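The structure displayed is predicted, hence computed values, not measured ones. Below, read A as the first sequence line, B as the second, and so on, with proteins coming before strands; counting in each chain starts at 1.
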Amino acid sequence: MAKVRDIVLMDKPGERVLLLGNEAIARGALEANIAVYAAYPGTPSSELTDTMAMVAQKAGVYMEYSTNEKVAFETALAAAWSGLRAMTAMKHVGLNVAADTFLSAVGMGVEGGFVIMVADDPSMWSSQNEQDTRVYAKFANVPVFEPISPHEAKEMTKYAFELSEKFKHFVLLRTTTRSSHARGDVVLGELPEEIKQGKRKFGEFKKDPSRFVDVPANARRFHPQILEKIEKIREELAECPFNWIEGKEDAKVGIIAPGLAYAYVKEALAWLGVNDVKVLKLGTPFPVPYKLLEKFLEGLERVLIVEELEPVVEEQVKTWVFDKGLTIEIKGKELVPRVYEMTTRRAVTAIAQFLGLETPVDFAKIDEKYEKVKTIAPPRPPSLCPACPHRNSFYAIRKAAGSKAIFPSDIGCYTLGVLPPLKTVDTTVAMGASIGIAHGLSVASGEKQIIVATIGDSTFYHTGLPALANAIYNRSNVLIVVLDNFVTAMTGDQPNPSTGETPHGPGKRIPIEEIAKAMGADFVAVVDPYDIKKTYETIKEALKVKGVSVVVSRQICALHRIGQMRRRGEKWPLYTVNEEKCTGCKICINAYGCPAIYWSEEKKKAQVDPIMCWGCGGCAQVCPFGAFEPIKEGEQ
Amino acid sequence: MKDYNIVITGVGGQGVLTASQILGWAALRAGYKVRVGEVHGMSQRFGSVIAYVRFGEDVYGAMVPEGKADVIMAFEPVEALRYINYLKEGGLVIANSKPIPPVQVSMGLAKYPSMEEIRNIIENEFKAKLIAFDAEELAIKAGHAITTNTVLIGALTQTPEFPLSAEHVKEVIRLSVPPKAVEVNMKAFDLGVQAARELLGL
């Protein structure tokens, strides 16, 4: 099991390796001779960016963690304008942030291949909504590819660069959680000489204001050009290696399976023992290649479209069939749910229903039996880590501001502050929204309501900055606590301007308190949340100030710190409960809620799980009876 | 072989993803077509975690459907129960018996079921076999609690009709861990094998 970095850089064409979907895309980008990569991390896209960070220098690729998706998009776009192959990546909601540039610049096209990787999250395993990027593809008239496996993801990436360059158009590569976070066997291809030698590639921007300045006179030309391009691409895609027809040639029944749904359809057909159907596998859900569709529909009487989320393919197919005046029964969203992710169970159920068959296992019976499990298995939602500095910040905020205060928060690990016992998150919407919402709530209450917003360091740079400027400019009355843990923790500890580190060495550090001061905040302070008393006192003081207060609560992410300590072989203190001092008051559990602390029903005392304790000592500060004591150096 | 399906469950941070990767590599090195399904991001933070390892000819998507897993390997008793609907009738559950009570239980908002309650549902309702033992204790005996997942993988290889040999899987672990951790992992693996053989009466 070699290291990911070594596998992705491996110069052994034909070698079979196991790669995560996102890692396979990174390899595909290298095989395509990418020159510039810029992205802001977001689950489930992050490992692509992290893999690029690991290999970029060795491969001679310019790579950066940008501060948000819009600037990342622009960075990569300008490189593509300069004739270089460039890529950006984001989670689905990241495209909302980049959408202004995406939809405005699409008509200008590109010179070098430009691939926009967007990772959707059906069922919302780590997201705030369930939007379907394929709808954006249709909106922008940009082709979208969707892989069925890590290997296909790699191959599609290469093809996407070529297609983009051929038509001088943007190309979307859309994954979902289940393709980005699936590992599979991948066969390595050739690496270009420049990548092998690690030679950085440079481009040249050729001025053409009639193309790159979107004043109305120019922009009016773009729209018809885009429509012409997408129809040419639709024709081209009938020949693309990721779209094909398989199964029984003279079948009366057909199944259309776009993207990853193909994988579930294949498994479903095998499980059901059905082999007398024809299948249209679509790697490009938009635009549907009509030539291939026409060939597929020949001889068919009934068609089922097994599609995840929005009926993007269904609408194109139905429109085409209607326009041709064909009479074919087409079923889609009547049998396949429009919400949440596609599964084999869903595919089996829809196909069985469509064909009038029994499912191979009685899912309803399993569900019925499972009811009992639901009643006795206690819930285990994700929680803030042991020693997480956010826990201490929330604890201090809640104590200082009281439960009547309103707590707008933001997107990051600290969203978990919504859970009991902390319950210090009243709203979260989108990246950077905490400050705008806090300001609006303050306006609505006539500046009387106590409002304490929380936002992480990375989110602050991402979209918090304009919101802070607005609040200060418009004389808001809010307290903003920036939870600065030095990394973009939720997505995997990526660096950001808080430390100024980059994957390739030092960038420039931008201290949050200096920004707040420069913008004119009425109160600015920096605290260490591992000192709960001082944090509490500072928040109390900030709440007395009328205007915009900014408190930077700064302490390194515990998970990040422990990871570093483990790698260096360092130890940390462990805490234990002095059972003579513990009165069983449960403050540590009911108000603080560290996952390393649990309740012993037998002893009626709190206990610390030594394997989970990461030694921050917050419990010792919270306990009124001094029952938590450090014992020894841990060695996890 | 058409397909072999393993479901791995536990608590974020216990090493579920590492275990799934090791098994994925082991299957790849045995020449199979492989899919490993993982969830990253928020669910990794001490929440309930599930991963899937599948290999064989008929393997396409990365998720094992309900009712199709051949075996469940659980790092924690309640997490064995929570995903029992993935197991086929007559399948096997290999579980670490050491519980990690969720914060909700300590707060008195939920109750942690007894091992008997868990066994009752798994064996009587879902018609499956459960073997449970303190894998963490064996890991500590081997030299470090962090090898709990190796103990469990060792046990997993003793599943009747498991398509990969114990020696093959052990070799992949030997190649995967840092050199200084090889010995303790090898010991942990053997303790897992031994525990499973005793419980399965082999």
Side-chain angles (χ1 to χ4, degrees), chain A residues 1 16-18 20 43-44 46-47 125-126 148-149 177-178 181-185 260 262-264 266-267 270-271 343-345 348 361 363 366-367 369-370 372-373 376-385 413 415-416 420-421 490-492 586 589-590 593 595 597-599 609 611-612 636, chain B residues 2-3 11-13 20-22 24-25 28 32-48 58-63 65-68 78-79 81-82 84-85 88 100-113 117-118 121 125-126 136 145-146 172 175-176:
Chain A
M1 217 164 89
R16 249 176 108 237
V17 294
L18 189 69
L20 200 62
T43 315
S46 310
E47 299 80 6
W125 299 102
S126 266
I148 55 166
S149 66
T177 300
R178 299 304 178 179
H181 290 167
R183 242 166 250 279
D185 33 320
L260 191 57
Y262 171 80
Y264 304 118
K266 286 290 278 184
E267 181 171 2
W271 207 8
T343 59
T344 301
R345 174 178 172 167
V348 165
V361 299
F363 293 116
I366 293 180
D367 291 347
K369 289 194 285 186
Y370 192 71
K372 210 164 182 181
V373 174
I376 77 157
R380 194 191 302 273
S383 75
L384 295 172
C385 300
C413 291
T415 307
L416 294 168
M490 176 60 86
T491 49
K586 277 189 148 184
I589 289 166
N590 290 341
I597 304 171
Y598 64 96
W599 178 248
D609 183 343
I611 300 215
M612 305 261 283
Q636 285 170 38
Chain B
K2 283 170 76 90
D3 59 334
V11 180
S20 66
Q21 277 182 46
I22 285 173
W25 270 103
L28 182 95
Y32 289 109
K33 179 178 167 191
V34 184
R35 292 287 180 275
V36 179
E38 307 172 357
V39 170
H40 299 203
M42 190 178 264
S43 342
Q44 276 178 288
R45 304 284 183 266
F46 298 88
S48 166
D58 275 344
V59 163
Y60 303 96
M63 285 184 294
E66 289 105 309
K68 216 182 182 198
V78 154
E79 300 313 318
L81 182 62
R82 196 186 308 283
I84 189 65
N85 49 336
K88 67 178 187 189
I100 299 179
V103 173
Q104 278 74 7
V105 170
S106 288
M107 288 179 75
L109 301 173
K111 201 179 141 282
Y112 196 96
E117 285 175 280
I118 293 172
I121 294 193
E125 301 283 332
F126 283 85
E136 190 180 293
I146 210 160
V172 170
L175 294 170
S176 304

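With a 4.5 Å cut-off on non-hydrogen atoms, B:Lys111 touches chain A through its backbone but not through its side chain. Contacts of A:Tyr264 with chain B are made by side-chain atoms alone, with heavy-atom separations under 4.5 Å and no backbone atom involved. Both the backbone and the side chain of B:Glu125 come within less than 4.5 Å of a heavy atom in chain A. For chain A, the nearby part of B:Tyr32 is the backbone; its heavy atoms alone come within less than 4.5 Å. Both the backbone and the side chain of B:Gln21 come within contact range of chain A, each with at least one heavy atom under 4.5 Å from a heavy atom of that chain. A:Val361 touches chain B through its side chain: at least one heavy atom from C-beta onward sits under 4.5 Å away, while N, CA, C and O do not. Interface remark: A:Leu20 contributes side-chain atoms only to the contact with chain B (heavy atom separation under 4.5 Å). Heavy atoms of A:Pro44 lying under 4.5 Å from chain B are absent altogether. B:Val34 touches chain A through backbone and side chain together, each having a heavy atom under 4.5 Å away.
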TODO: Just do the side chain to side chain contact (heavy atoms under 4.5 Å, CB included) check on B:Gln104 and A:Arg380 with the steps written out, would you?
DONE: CA-CA 8 Å; B:Gln104 278 74 7; A:Arg380 194 191 302 273; over 6 Å; no
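Considering only residues two or more places apart in sequence or on other chains, B:Lys68 meets the side chain to side chain donor-acceptor pair (under 3.5 Å) condition with A:Glu267, B:Asp3. Take A:Tyr370 and apply the ring-ring contact (aromatic ring centres under 6.0 Å, His included) test, not counting sequence neighbours, and it matches no residue.
In A:Lys372, the NZ atom is not crowded: 12 or fewer heavy atoms of neighbouring residues, nucleotides or ligands sit closer than 6.0 Å.
Listed for the A:Lys586 side chain is a donor-acceptor partner under 3.5 Å among the backbone atoms of B:Ser106. Remark: the backbone N or O of A:Pro378 is paired with a side-chain donor or acceptor of B:Arg82 at under 3.5 angstrom. In terms of modelled atom types and a separation under 3.5 Å, the side chain of A:Arg183 and the main chain of B:Ala62 share no donor-acceptor contact.
Of the listed residues (B:Pro65, B:Ala110, B:Gly61), the greatest number of heavy-atom pairs within a distance under 4.5 Å of chain A belongs to B:Pro65. With respect to chain B, the highest number of heavy-atom pairs below 4.5 Å among A:Val373, A:Thr344, A:Thr177, A:Ile148 belongs to A:Val373.
Taking each heavy atom of B:Ile100 and A:Met612 in turn, the nearest pair found is CG2-CE, 4.4 Å. The minimum heavy-atom distance linking B:Ala145 with A:Ile611 is given by the pair CB-CD1, 3.5 Å. Considering all non-hydrogen atoms of both residues, A:Gly593 and B:Val103 come closest at O-CG2, 4.4 Å.
Of the inter-residue distances, the one linking B:Lys88 atom NZ with A:Ile366 atom CD1 reads 13.0 Å to the nearest 0.5 angstrom. To the nearest 0.5 Å, the span separating CG on A:Asn590 from CG on B:Leu109 amounts to 7.5 Å. Here the CD1-CD1 distance, from B:Ile121 to A:Ile376, works out to 3.5 Å after rounding to the nearest 0.5 Å. One distance of note links NZ of B:Lys33 with CZ of A:Arg16; it measures 10.5 Å at 0.5 Å rounding. Remark: A:Arg178 CZ to B:Arg35 CZ distance equals 14.0 Å, nearest 0.5 Å. The CG atom of A:Leu260 lies 13.5 Å from the OH atom of B:Tyr60; values are rounded to the nearest 0.5 Å.
Side-chain contact between A:Lys369 and B:Asn85 is absent, with no heavy atoms from C-beta onward closer than 4.5 Å. For the pair A:Cys385/B:Phe46, a side-chain contact is recorded, criterion being any heavy-atom separation below 4.5 Å from C-beta on.
Salt-bridge formation is not detected for the pair B:Asp58/A:Lys266: no Lys NZ or Arg NE/NH1/NH2 atom is positioned less than 4.0 Å from an Asp or Glu carboxylate oxygen.
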